[in-house]
Amino acid sequence: MTATATEASPTDSYHGFLESLEEADEYAAIDTALGLIDAGVPAERVLLDLIAPAQVEVGERWARNEWSVAQEHAATHISERVVAAVAARAVPRPTRGRVVVACMDGEWHALPPRLVAEVLRLRGWQVTFLGASVPAAHLVSYLHRHDAHAVALACALPMRLPHAHRMIEACRRSDVPVVVGGRGFGHDGRWAHRLGVAWAPDAPAAADLVADERALRRVRPAELSQLADDEYASLAKRRGELIDGALADLRARAPGVREYTTAQLDSTVSDLGHIVDFLAAAVYVDDGSLFIDFVRWLIGILASRGVPASAVGLTLGYYVDELRDFPRAARFLGEASASAAAGTGPRAG
Ligand code: B12
């Protein structure tokens, strides 16, 4: 039976698409997406109602340790190929100005802003997609050479918020309006508001905002008076020492750690780095919930890999002692430890 425009829907194709990602079958995945377009489903819906939710599920399966990193990478690569195939099928000529879309420095989640870039393109904008981890200085020099109507900046990890702020300020100095998005700004954009920048929850909202220059420029000033106390700067400066100290502490107090393989040690160091970076970001935007959510997420990730929550508790305790002269960091650590000890439970990442 041939699907008609009214029958075809990304929701109905979702499970089959996900299966194609699971089997790393890029041909089936591309056929599913292009089949929907051939059946009359707008390309924007295929991007946002098929590929985007499938990628979120890919993340959940990785978080639950059901999929290996390799399976996640394979699935993401296929999703990227599907986005390219969908984009190649719909090639509207640009009728509007240039929008530059980029990831923050240090941010490797390029697929979410790529979806935003394609939606903007479908809506007539001339889009330049700069991809993952764009250094601020390079973005600014690009903006100086190319006349841009707006910049859309992506951040998937809240720990990157201090970098995000620097990039936003750099764009502002070039007088190019900025819209930001991605889960790194919080589900309701609360941390974008703290940084004093326009935020969009999804690609269609970003497209609406970009089309309304006055709204894009009408932003409340940043609420960052807390930076005056220098806590963030001191934490950032002590990053290496804090990670080394926490590892030595774990080795001394959790005997199993002494038997860790190199790979286990690497991921422990990476986790310790994330703890410091998320804590520093929480201090930067003065919001303990950023750190508490992260600790819950970390406990969930480690639990699914057989590491008990008490390991996180040990490190939080170590940092409470080390950072007793940092009032806000100490408070956030205390709240996160209490929430971890109460077993408030992991939340999906
Ligand atoms: C693929 C993937 C990766 C790939 C990215 C490759 C690529 N080309 O993008 C790689 C392997 C690099 C990666 C690395 C990591 N990842 Co990752 N990743 C993902 C995954 C599975 C999918 C991302 C995606 O495509 N999402 C689909 C999009 C559509 O969803 P979305 O973000 O909600 O996007 C919508 C809106 O947010 C908004 N939006 C998004 N961006 C933008 C931008 C602008 C300008 C605007 C206006 C709007 C907007 O519009 C979108 C569509 O409407 C997510 C899971 C997830 N839930 O997203 C994890 C996830 C984001 N990753 C995670 C983590 C932890 C990591 C690592 C730290 C893992 C590690 N230990 O190394 C590293 C960090 C790397 C770095 N420094 O950036 C966690 C983050 C958890 C947290 N507490 O913050 C997640 C949530 C996984 C999980 N469930 O735990 N990752």
Side-chain angles (χ1 to χ4, degrees), residues 21 44-45 47-67 69-81 83 99-120 127 129-133 150-161 163-164 167-168 178-187 189 192 197-210 216 266-271 273-275 277-278 281 290-302 304-305 346-349:
L21 296 186
E44 184 169 322
R45 296 271 50 92
L47 296 171
L48 300 179
D49 298 342
L50 184 73
I51 304 169
Q55 278 298 116
V56 172
E57 178 58 22
V58 167
E60 294 307 314
R61 291 180 182 191
W62 167 80
R64 293 195 297 264
N65 205 22
E66 293 166 9
W67 278 20
V69 168
Q71 266 181 299
E72 173 277 308
H73 283 15
T76 302
H77 174 67
I78 292 173
S79 287
E80 280 169 344
R81 304 259 303 144
V83 174
V99 181
V100 175
V101 181
C103 287
M104 305 291 177
D105 203 356
E107 173 62 72
W108 292 97
H109 294 92
L111 183 53
R114 171 83 196 274
L115 294 172
V116 175
E118 295 307 338
V119 167
L120 289 169
V127 178
F129 182 63
L130 300 183
S133 190
V151 186
L153 292 178
C155 176
L157 301 169
M159 68 178 176
R160 291 271 152 220
L161 285 170
H163 288 79
M167 285 197 78
I168 293 161
V178 184
V179 56
V180 298
R183 43 190 307 132
F185 291 100
H187 65 92
V197 64
W199 168 81
D202 52 29
D208 290 347
L209 206 48
V210 165
L216 203 54
D266 281 352
S267 63
T268 305
V269 169
S270 158
D271 289 341
H274 288 158
I275 293 177
D277 293 340
F278 272 86
L290 187 159
F291 188 61
I292 292 173
D293 283 353
F294 161 73
V295 169
R296 286 181 186 151
W297 170 84
L298 182 64
I299 288 174
I301 293 286
L302 293 177
S304 68
R305 286 151 179 83
R347 252 197 359 210

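Remember, it's 1-based here, ligands and their atoms both numbered in the order they're listed.
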Any N or O of W108 closer than 3.5 Å to N or O of ligand 1: yes
Residue portion contacting ligand 1 (non-hydrogen atoms closer than 4.0 Å) for V69: neither
Numbered atoms and elements of ligand 1 in range of A52, under 4.0 angstrom, heavy atoms: 27 (C), 29 (C)
Aromatic ring pairing F294/H274, orientation class (parallel under 30°, perpendicular over 60°, tilted between): perpendicular
Numbering as shown, the atoms of ligand 1 that approach V180 to under 4.0 Å (heavy-atom distance): 47 (C)
T76 and its side-chain hydrogen bond (donor to acceptor under 3.5 Å, both in side chains) partner, picked from E80, E72, H73: E72
Donor-acceptor under 3.5 Å (S304 side chain, A63 main chain): yes
Proximity flag R160 to ligand 1, non-hydrogen atoms under 4.0 Å: no
Location of contacts on V116 toward ligand 1, heavy atoms closer than 4.0 Å: side chain
Min heavy-atom dist S270 to ligand 1 below 4.0 Å: no
Rounded distance [0.5 Å steps], CG in L111 versus CD in Q55: 5.0 Å
Distance in Å, L290 CG paired with L161 CG, rounded so as to fall on 0.5 Å steps: 6.5 Å
Evaluation steps, side chain to side chain contact (heavy atoms under 4.5 Å, CB included), between C155 and V180: CA-CA 8 Å; C155 176; V180 298; over 6 Å; no
Side chain R160, main chain A156, donor-acceptor under 3.5 Å: no
Per-atom contacts, ligand 1 versus E107 - under 4.0 Å to a heavy atom: 78 (O)
Minimum side-chain heavy-atom gap W297-D293 below 4.5 Å: no
G106-ligand 1 polar pair, N/O distance under 3.5 Å: yes
Per-atom contacts of ligand 1 with L157, taking only distances under 4.0 Å to non-hydrogen atoms: 74 (C), 76 (C), 77 (N), 78 (O), 80 (C), 84 (O)
Among G59, P112, A150, closest by any non-hydrogen atom to atom 32 (O) of ligand 1: P112
Atoms of ligand 1, numbered as shown, that sit under 4.0 Å from any heavy atom of A203: 50 (O), 53 (O)
Any N or O of A110 closer than 3.5 Å to N or O of ligand 1: yes
V101 and ligand 1 - part of the residue with a heavy-atom distance under 4.0 Å: neither
Mode of W297 contact toward ligand 1 - side chain, backbone, both, neither (heavy atoms, under 4.0 Å): side chain
Per-residue contact class, L115 against ligand 1 - non-hydrogen pairs under 4.0 Å: side chain
Heavy atom of P201, distance to ligand 1 below 4.0 Å: yes
Any N or O of L111 closer than 3.5 Å to N or O of ligand 1: yes
Minimal non-hydrogen separation, S133 against G106, with atom names: OG-N, 2.8 Å
Minimum non-hydrogen distance to atom 66 (C) of ligand 1, winning option of E44, M104, R61, H109: H109
Heavy-atom closest pair, residues W67 and A75: CZ3-CB, 3.7 Å
P158: numbered ligand 1 atoms lying under 4.0 Å from its heavy atoms: 84 (O)
Atom indices of ligand 1 within 4.0 angstrom of H73 heavy atoms, with elements: 11 (C)
Shortest heavy-atom approach to atom 68 (C) of ligand 1 - which of Q55, H187, H274, R296: H274
Close-contact set for ligand 1 against A206 heavy atoms, below 4.0 Å: 47 (C)
W62 heavy atom under 4.0 Å from ligand 1: yes
Value rounded to 0.5 Å, distance of SG in C103 from CE in M167: 9.0 Å
V58-ligand 1 polar pair, N/O distance under 3.5 Å: no
Test of proximity, D202 against ligand 1: N or O pairs below 3.5 Å: no
Location of contacts on M159 toward ligand 1, heavy atoms closer than 4.0 Å: neither
Six-ring centre of W62, R305 cation under 6.0 angstrom, axis tolerance 45°: yes
Check against salt bridge (Lys or Arg N to Asp or Glu O under 4.0 Å), E57 and R64: CA-CA 11 Å; E57 178 58 22; R64 293 195 297 264; 3.4 Å; yes
Check: L48 and D202 side chains under 4.5 Å, non-hydrogen atoms: no
CA sep, side-chain torsions, deciding dist, call: L153, V197, side chain to side chain contact (heavy atoms under 4.5 Å, CB included): CA-CA 10 Å; L153 292 178; V197 64; over 6 Å; no
H77 near ligand 1 by a heavy-atom separation under 4.0 Å: no
Min N/O separation E72 to ligand 1 under 3.5 Å: no
Shortest non-hydrogen contact from V116 toward A206: CG1-CB, 4.2 Å
Nearest-0.5 Å distance that lies between atom CG in L120 and atom CD in E44: 9.0 Å
R114 contact mode with ligand 1 (heavy-atom cut-off under 4.0 Å): neither
